[in-house]
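One structure is given below, encoded as structure tokens.
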Amino acid sequence: MAKEPKFWLVKTESTCFSVQDLAKQTKQTTCWSGVRNYQARNFMRDEMKQGDQVLVYHSSTDEPAIVGVARVAREAYPDHTAWDKKDEHFDAASTEDSPRWFMVDLQLEQIFKEPLPLAMLRSIPALKNMELLRKGSRLSVQPVRKSEFEAIMKLAK
DNA sequence: GCCAACGTTGGC
DNA sequence: GCCAACGTTGGC
């Protein structure tokens with residue numbers, strides 16, 4: 001039996017890799033490399049499935065916001081940037097025989113006409129339990145409830 | 001720049 | 001296994 005598609009949110013610093021950068025990629029698809037947190041990795045490696053929808057969030061900016069939606073285009077495979085000594089996410093503990101870090105491919109689906117700022121999201125009752133809004137939340141790949149995803153898509157119209 | 005809230009590391 | 005010290009994230 002096919003499982004229900006799941007919903008996610010990924011964070012990125014827009015100065016590092018923005019949703020606009022994603023739009024410029026071939027097929028508007030990129031590998032979501034560089035995640036170096038076990039909990040976030042486990043979500044990508046074990047639970048993200050092709051076709052799942054993924055909110056894209058810009059952090060560490062003047063106005064942190066959810067800026068668009070992508071879709072999982074390829075399920076988890078080893079993050080090769082961990083093997084590149086020159087890469088800022090290099091990790092000597094990850095080898096090709098025994099990779100420690102994984103990534104998925106994300107394909108852009110939509111850039112919101114207006115970003116949905118964090119401060120505004122905090123005022124939405126339907127989102128009050130959202131992981132993103134939890135005080136001290138630092139998880140860079142996090143699950144989103146269907147109801148939350150739908151509320152956000154409604155706001156984006 | 002500040003600092004709260006984490007996650008990681010390493011001594012014991 | 002505990003926990004203090006340290007490093008990082010990320011809003012403000």
Side-chain angles (χ1 to χ4, degrees), chain A residues 6-25 30-48 52-72 75-106 108-145 147-156:
Chain A
K6 292 206 189 80
F7 303 95
W8 306 94
L9 179 143
V10 294
K11 296 181 182 176
T12 178
E13 292 190 31
S14 57
T15 52
C16 174
F17 188 87
S18 70
V19 76
Q20 287 78 18
D21 292 328
L22 175 55
K24 287 182 217 146
Q25 306 298 307
T30 188
C31 57
W32 205 257
S33 65
V35 173
R36 297 292 180 268
N37 167 282
Y38 288 105
Q39 212 181 337
R41 177 205 69 180
N42 292 348
F43 282 133
M44 286 201 297
R45 187 191 58 187
D46 305 334
E47 296 197 48
M48 268 195 181
D52 284 0
Q53 285 180 288
V54 184
L55 298 165
V56 180
Y57 173 82
H58 284 173
S59 66
S60 299
T61 177
D62 277 355
E63 192 162 64
I66 298 178
V67 292
V69 191
R71 198 175 274 277
V72 176
E75 293 175 15
Y77 60 107
D79 181 345
H80 56 78
T81 66
W83 305 329
D84 179 357
K85 279 198 175 105
K86 296 195 185 80
D87 194 280
E88 65 170 317
H89 299 292
F90 172 71
D91 179 358
S94 184
T95 65
E96 298 198 33
D97 285 341
S98 178
R100 171 175 292 193
W101 304 112
F102 289 79
M103 61 191 180
V104 297
D105 284 355
L106 296 183
L108 180 64
E109 214 163 59
Q110 179 191 352
I111 295 182
F112 293 157
K113 287 206 181 77
E114 301 287 342
L116 305 175
L118 192 61
M120 183 271 272
L121 297 174
R122 287 193 194 283
S123 73
I124 310 295
L127 302 180
K128 71 174 195 306
N129 293 322
M130 202 176 170
E131 168 67 19
L132 180 71
L133 306 184
R134 233 191 68 238
K135 186 174 159 78
S137 173
R138 290 168 45 179
L139 199 52
S140 61
V141 176
Q142 54 182 256
V144 172
R145 293 175 189 86
S147 59
E148 293 164 348
F149 184 85
E150 285 169 352
I152 284 159
M153 293 310 283
K154 213 179 277 184
L155 291 169

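Since we're looking at a predicted model, the values are computed, not measured. In what follows, chains carry the letters A, B, and so on, assigned in the order in which the sequence lines appear, proteins first and then strands, with residues in each chain numbered from 1.
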Side-chain heavy-atom pair [X], [Y] within 4.5 angstrom cut-off:
X	Y	value
A:Glu47	A:Pro143	no
A:Lys11	A:Leu132	yes
A:Phe17	A:Leu22	yes

Please tell me whether A:Ser94 and A:Arg36 have a donor and an acceptor in their side chains that are separated by less than 3.5 angstrom.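 No, A:Arg36 and A:Ser94 have no side-chain donor paired with an acceptor closer than 3.5 Å.
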Verify the distance criterion only: is there a donor paired with an acceptor across the side chains of A:Thr81 and A:Asp79 at less than 3.5 Å?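 Their side chains do contain a donor-acceptor pair, which is all the 3.5 Å distance test asks for.
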Can you measure [X] atom [atom1] to [N] atom [atom2] for me and round it to whole angstrom units?
X	N	atom1	atom2	result
A:Arg122	C:dG11	CZ	P	8 Å
A:His58	C:dG10	NE2	C1'	15 Å
A:Glu13	C:dG10	CD	C1'	8 Å
A:Glu88	C:dT8	CD	P	12 Å
A:Leu121	C:dG10	CG	P	16 Å
A:His89	C:dT9	NE2	P	9 Å
A:Asp91	C:dG7	CG	P	18 Å
A:Ile66	C:dG11	CD1	C1'	15 Å

Counting only heavy atoms from other residues, nucleotides and ligands, does the tally under 6.0 Å from CG of A:Asn129 exceed 12?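 Yes, because the 6.0 Å sphere around CG of A:Asn129 holds more than 12 heavy atoms from other groups.
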Do other residues, nucleotides or ligands put more than 12 heavy atoms under 6.0 Å from A:Glu114 CD?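 No, because the 6.0 Å sphere around CD of A:Glu114 holds 12 heavy atoms or fewer from other groups.
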Counting just side-chain N and O atoms, does A:Tyr57 come under 4.0 Å of either OP1 or OP2 of C:dG11?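 It does, given that an N or O in the side chain of A:Tyr57 lies less than 4.0 Å from OP1 or OP2 of C:dG11.
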Looking for any heavy atom pair under 4.0 Å, which part of the strands does A:Leu118 touch: base, sugar-phosphate only, or nothing?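 Sugar-phosphate contact only.
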Taking all non-hydrogen atoms of both residues, which atom of A:Phe149 and which atom of A:Leu55 are closest, and how far apart?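 Looking at all heavy atoms of both residues, the shortest contact is CE1-CD2, 3.8 Å.
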Using a 4.0 Å cut-off on heavy atoms, which residues in residues 37-44 of chain A reach DNA chain C? List them by number, or say none.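 Contacts with DNA chain C under 4.0 Å: none.
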A:Leu9 and side chain to side chain contact (heavy atoms under 4.5 Å, CB included): which single residue from A:Glu131, A:Glu148, A:Gln53, A:Gln142 fits?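 The passing option is A:Gln142.
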Output the residues of residues 128-137 of chain A in contact with DNA chain B, where contact means a heavy atom of the residue under 4.0 Å from an atom of the strand; sort by number or write none.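 Close to the strand are A:Arg134, A:Lys135, A:Gly136.
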